[in-house]
Amino acid sequence: MQSMNDIKLKILEVTKRRGFYWKSYEIYGGLGGFYDYGPLGASLKDNILQLWKDYFVTKEGFLLLDSPNIGPELLYIASGHAEKFTDYMVKCKKCGHVFRADELLKGHVDNPEKLDAEGLWKNIKEKGIKCPDCGGELTYPEKFHLMFSTRVGMDKNAFLRPETAQGIFINFPIFYRLNREKLPLGVAQIGKGFRNEISPRQGLLRLREFNMAEIEVFIDPQEKFLLGDVRNISLPLLTREGKEYRITVEQAVKMGILSEPMAYFMGKIIIFLEKIGIDIKKVRFRQHSREELAHYSRDTWDCEVLLSYGWVEIIGIADRGDYDLKRHMEYSGKDLRAFRRFKSPKKRKIKRLRARMEILGPLFKNDARKIAEILENMEYEGGNIEILLEDRKIKIPKNAYEVVEIEESVGGERFIPQVIEPSFGIDRILYAILEHSYYERKDSGYKVLKLKPRVAPIKAGIFPLVSKEPLTTKALEILKIIRDSGVSCYYDDSGSIGRRYARADEIGVPFCVTVDYTTEKDNTVTIRERDSTLQKRVRISELPEILELLSDEKINFESLDENV
RNA sequence: GCGGGUGUAGUCUAGUGGUUAGGACGGGGGCUUCCCAAGCCUCUGACCCGGGUUCGAAUCCCGGCACCCGCACCA
């Protein structure tokens, strides 16, 4: 039995040696929190995203967006990140420990998070706040910003996005229209996010530039959200009260632990994780405590996997309510609401105004038309009328309009949709797949990555049994055929056949094709399956199709007929 | 950011002031080889960066960078 720490080191060793990923900028001494994906890693990541898109975009009928990494300052002021992502830190002069200044003032001052550096400093001195660890003097509060800031053009302040989500929110009206004004509406975005972590650690698990795949699902809270085919999926839940459950999606909703959309996406996530090769026995959903909740979130559940580092969050599902759309409405002045149609139009009697142009005209000249328009669109509630036209308050004399009572039919109402956000950390998922795929053969101790065929970066190795003619030429011919058919594969004739199988196992190649002396007689080759090491003999003419089906997991190796 | 530890070929590592820094695995070439890292020959390749101490530094000291563990942080 190997320790968890061993696995961590072995994964690290294999991934670096075989070119999955490595620390960026090593020739310049490295830079913390940045990684390069090499040939295998880039391809693995690609395959994960492909499956993600297939499962969460295509199959759900959601819409894709690809918006910029850099956004204007105002966007992130509106989103709350500019404020919430900045912390003032103080350091103890004696023991060197660092604290958030506002945390230290909690209980001493009301709303300490609203103070600036000067205000915090004043209060620290007045209340005599000392280092909670050793009682030492504290330094002047220093700003620490978790967003990378930059400049656009000469002088426009901008930020690198800390999440791809904001690009989706601000485009809601366009997507709403593209979806023919129907909810629920899901918009998905795959892209990079940037966070200037104080201290990135643990390889791919905490990066400063990372890959994320996010979905914002806009829903009408008055409409029932259907659980569909995930209702019977079993969910491992850990509530903020510390209660553990293993219940179905449907039960979780019935018991009031989860809302329908939250439960639905958890079910989808379980299926997805299993598809890409995560061991779902090592998965749980943990509800955030109140203190943990992000500024925009009403409820959040982290999907965590058990790795050698402990439980690690790989996906977050947040109920963002109407926070984001509301904020962007406030800051942009644009209407980001959806329209809810009533089942039958509501009829009501209201008082409306009819403008008398013969009075308005001479009185307001060029503005008369606009004023008339405003008047005729407003509901009359009695009293004197004063309207706002281009920042001017204008009093309208009583003789300039008539009040008429009409019966109006109202077809529906505008409202701000609620948003559920499943947000996937792709780098963490990739690492989790590697850890959950890694094993060593019982007899030999050789390393194997049991990557699912669909995520495996390379689907097949093509080998001559021994490195001799005519086997080598035949194997190279087959290589070309397989490559032309679109299946990623490679040729290897160095060392013994066993060594080549072992090399392939280590990077998770699911199938190896071997050309042997029977091949020249009847045009057949063997296909070896990685985990069982079993072989089956198939015709070369059928090989491309078989490999394609195996790689796409349309058939599995056990059910493959030997057809010679 | 703090404290502790660490930094030698692609990988794992030996070397604690003194010649051309040693090994294993890997990788390339060759021989051998009829199915799971066999063997032989051969080649390849490293002291994290900068400063200091010293006649001389991979080794000692200082600074930086990075990694690991713990603390803090993780919206």
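Chain identifiers are assigned alphabetically (A, B, ...) following the order of the sequence lines, protein sequences preceding nucleic acid strands; residue numbering begins at 1 within each chain. All values reported here derive from a predicted model rather than from experimental measurement.
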Query raised in the report: Say you pick atom P in B:G64 and the same atom in B:A21; how far apart are they, in whole Å?
Result: 31 Å

Report task. In whole angstrom, give the distance that lies between atom CG of A:L207 and atom P of B:C73. Result -> 21 Å

Requested in this report: With sequence neighbours left out, write down each residue that passes salt bridge (Lys or Arg N to Asp or Glu O under 4.0 Å) with A:D516, or none if nothing qualifies.
Outcome: A:R537

**Report entry** Distance in angstrom units between A:E26 CD and B:A66 P, rounded
**Finding:** 11 Å

Report task. Mind calculating the distance between OH (A:Y309) and P (B:C68) to the nearest angstrom? Result -> 6 Å

Query raised in the report: In whole Å, what separates the C1' atom of B:C2 from that of B:A72?
Result: 8 Å

Query raised in the report: If the sugar-phosphate is the primed atoms plus P, OP1 and OP2 and the base is the rest, what is the B/S/- string for nucleotides 33-42 of chain B, using protein heavy atoms under 4.0 Å?
Result: BBBBBS----

Query raised in the report: Can you tell me how far C1' in B:G18 sits from the matching atom in B:C73, rounded to whole Å?
Result: 48 Å

**Report entry** Counterpart base for B:U59, defined by Watson-Crick or G-U wobble contacts under 3.5 Å
**Finding:** none

**Report entry** Pairwise P distance for B:G45 and B:C40, with rounding to whole Å
**Finding:** 23 Å

Query raised in the report: How would you list, by chain and number, every residue that makes a ring-ring contact (aromatic ring centres under 6.0 Å, His included) with A:Y296, sequence neighbours excluded?
Result: none

Query - Strand partner of B:U19, provided both Watson-Crick or wobble distances fall under 3.5 Å - result: none

Query - Pairs satisfying salt bridge (Lys or Arg N to Asp or Glu O under 4.0 Å), at least one member in residues 525-536 of chain A, at least two apart - result: A:D505-A:R528

Query raised in the report: Is the shortest side-chain N/O distance from A:K16 to OP1 or OP2 of B:C67 below 4.0 Å?
Result: no

Query raised in the report: Considering only the P atoms, how many Å lie between B:C36 and B:U42, rounded to the nearest integer?
Result: 28 Å

Report task. Decide whether a cation-pi geometry holds between A:R286 and A:W311; the criteria are a distance under 6.0 Å from NZ or CZ to the six-membered ring centre and an angle within 45° of the ring axis. Result -> no

Query raised in the report: Roughly how many Å is it from CZ in A:F20 to P in B:U11, rounded to a whole number?
Result: 16 Å

Query raised in the report: Is the charged tip of A:K23 near the ring of A:Y35: under 6.0 Å from the six-membered ring centre and within 45° of its axis?
Result: no

Query - Upstream residue (5' side of RNA chain B) when A:Y28 and A:S297 are each assigned their closest nucleotide - result: A:Y28

Query - Pairing nucleotide - B:A24, Watson-Crick or G-U, each distance under 3.5 Å - result: B:U11

Requested in this report: For A:E520, enumerate each residue passing the salt bridge (Lys or Arg N to Asp or Glu O under 4.0 Å) test, keeping only those at least two apart in sequence or located in another chain.
Outcome: none

Requested in this report: Taking ring-ring contact (aromatic ring centres under 6.0 Å, His included) as the test, write out the residues that go with A:H295, two or more places apart.
Outcome: A:H81, A:Y323

